[in-house]
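The block underneath contains the structure these notes are about, expressed in structure tokens.
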Amino acid sequence: MPRSELTVDLGALRRNVRTLLRALDGAALWAVVKANGYGHGAVDVSRAALDAGASALCVATIPEALELRTAFADARILCMGPTAADEIGRARDANVEVAYSGGKLPDGVRVHVKLDTGMGRYGISELPAPTRAVVGLMSHLATADTDPAFARAQVRRFEELVGPHRAGLECHMANSAAALRLPEARFDAARCGVAIYGLSPFWGDPAADGLEPVLSWRSRLAQVKLLQPGQSTGYRRRFVAERPTWIGLVPVGYADGFRRDLTGTRVLVDGEPMVAIGTVSMDSFAVRLPHELAVGTPVTLIGDGIGAESQARVAGTINYEIVTGIRSDPRRAARKVEST
């Protein structure tokens with residue numbers, strides 16, 4: 001029996017893509033599959049997203065793009081991150097489009113000029129006259145999930161910059177949050193990442209926007225023991241029993257992506273919510289049990305109503321970091337892909 005099992009529901013991902021396409025009302029959806037598809041498996045989720053109507057794939061690095069090109073000979077692929085001079089040839093040979101954020105325009109590749117309209121990250125502040133290599137104009141929203149007013153100011157700035165050049169060029173700015181809640185940011189395409197995986201870009205319940213979580217993560221109780229008053233579990237004795245207390249040990253820890261700061265979070269043990277106690281260690285954590293349970297009892301870390309959003313709130317982070325941090329190394333976790 002594996003230490004844990006990751007299940008990727010590609011049927012849910014397809015439905016999420018269709019939900020986003022309905023929200024986009026005619027604008028194209030480009031699936032962001034960087035970081036191994038947000039930890040879900042880049043090739044699997046890319047295939048499902050394209051099947052459901054996504055018209056391009058977006059990654060952060062040229063090696064990510066080349067991996068996808070091997071799997072998808074004809075897919076449109078955009079590398080959004082900075083591209084080194086010695087990578088341009090590989091991008092050209094693989095027909096990978098690249099983002100441009102300053103310096104000399106690369107030769108022989110399709111280019112998307114990235115404009116900094118308020119993100120304060122990659123991009124240029126003024127748009128030079130586009131050359132024939134330029135096929136797209138893009139920007140990135142800093143606060144579509146938290147501050148719509150600032151996001152709208154970015155949209156207006158983008159419109160000012162691209163206005164004289166829109167004819168014949170694709171303009172794209174919206175992320176998942178803007179695709180769902182900021183229609184003026186749609187332009188020609190939206191680059192959607194977190195929402196296609198059924199994760200809320202607003203850190204709430206994904207179902208509020210018609211999204212279904214794609215990833216579930218399950219393990220089991222590997223040992224069950226009774227602590228007597230004064231006995232503890234885990235490093236630094238962060239949990240000391242005040243009364244006789246049953247605990248279960250789950251063979252998953254921060255080396256698997258169950259973070260050290262998830263002490264106090266809820267998981268499901270045999271379908272019932274229970275609390276992680278003590279210090280999460282590299283390969284294990286403990287849960288408080290209401291009574292003795294059998295070794296092998298199933299434990300759900302993500303799924304069945306336990307969302308990456310709730311784990312993120314405990315850890316003081318965002319759902320993106322939770323799912324991209326899960327290790328899918330087959331030496332530690334089994335991975336199952338469902339297509340329904």
Side-chain angles (χ1 to χ4, degrees), residues 1-8 34-42 45 60 64 193-194 197-200 203 206 213-225 227 231-241 245-270 272-289 293 295-336:
M1 181 179 293
R3 294 159 48 85
S4 68
E5 182 176 81
L6 302 170
T7 301
V8 178
K34 61 184 179 177
N36 192 31
Y38 286 41
H40 293 64
V45 301
E64 288 179 334
V194 69
Y197 305 102
L199 302 166
S200 172
W203 315 326
V214 172
L215 180 74
S216 57
W217 189 16
R218 296 181 174 87
S219 185
R220 59 189 171 83
L221 296 182
Q223 187 173 2
V224 174
K225 62 197 313 179
L227 297 182
Q231 292 183 323
S232 60
T233 183
Y235 291 113
R236 300 186 180 182
R237 305 190 75 224
R238 291 177 64 188
F239 177 84
V240 179
T245 303
W246 285 100
I247 66 167
L249 301 177
V250 183
V252 175
Y254 57 78
D256 304 283
F258 193 84
R259 298 162 50 120
R260 198 169 184 271
D261 49 12
L262 282 174
T263 295
T265 198
R266 291 184 180 274
V267 298
L268 300 179
V269 181
D270 204 22
E272 297 297 324
M274 297 184 193
V275 177
I277 58 173
T279 300
V280 176
S281 60
M282 186 179 294
D283 309 302
S284 181
F285 72 93
V287 290
R288 188 204 305 261
L289 305 177
L293 291 173
V295 168
T297 297
V299 177
T300 301
L301 312 177
I302 293 177
D304 304 326
I306 298 289
E309 292 79 14
S310 62
Q311 305 291 29
R313 282 191 289 272
V314 173
T317 185
I318 57 176
N319 46 10
Y320 301 63
E321 189 174 9
I322 294 295
V323 294
T324 58
I326 298 173
R327 312 290 193 268
S328 57
D329 185 333
R331 294 170 295 182
R332 298 183 72 93
R335 182 173 179 272
K336 180 172 67 174

#### Entry: Which residues share a side chain to side chain contact (heavy atoms under 4.5 Å, CB included) with Glu272, sequence neighbours left out
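Only Met274 meet the side chain to side chain contact (heavy atoms under 4.5 Å, CB included) criterion with Glu272.
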For [Y], does its backbone N or O pair with a side-chain atom of [X] as donor and acceptor, under 3.5 Å?
X      : Y      : answer
Thr263 : Gly278 : yes
Gln231 : Leu227 : no
Ser310 : Gly307 : yes
Arg327 : Gly325 : yes

Are [X] and [Y] side-chain neighbours, meaning at least one heavy-atom pair lies under 4.5 Å?
X      : Y      : result
Ile326 : Leu301 : no
Val299 : Leu268 : no
Val214 : Val8   : yes
Lys225 : Thr233 : no
Ile306 : Val267 : no
Pro298 : Leu221 : no
Val269 : Leu293 : yes

### Task
Could you verify whether a donor N or O on one side chain and an acceptor N or O on the other, from Thr300 and Trp217, lie under 3.5 Å apart?
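Absent: no donor and acceptor within the cut-off.
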### Task
Quick one: which residue pairs count as a salt bridge (Lys or Arg N to Asp or Glu O under 4.0 Å) with a foot in residues 249-258, not counting sequence neighbours?
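Sorted pair list: Arg3-Asp256, Asp256-Arg332.
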### Pairs satisfying salt bridge (Lys or Arg N to Asp or Glu O under 4.0 Å), at least one member in residues 306-326, at least two apart
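Non-adjacent pairs meeting salt bridge (Lys or Arg N to Asp or Glu O under 4.0 Å): Arg259-Glu321.
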#### Entry: Pair listing, side-chain hydrogen bond (donor to acceptor under 3.5 Å, both in side chains) test, anchored in residues 245-254, at least two apart
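Passing the test, one end in residues 245-254: no pairs.
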### Task
Could you list the residues that satisfy ring pair (Phe, Tyr, Trp, His ring centres under 6.0 Å) with Tyr197, not counting sequence neighbours?
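Checked Tyr197 against ring pair (Phe, Tyr, Trp, His ring centres under 6.0 Å); matches are Tyr38, His40.
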### Residues in salt bridge (charged side-chain N to carboxylate O under 4.0 Å, His left out) contact with Arg335, at least two apart in sequence or another chain
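Residues passing salt bridge (charged side-chain N to carboxylate O under 4.0 Å, His left out) with Arg335: Asp44.
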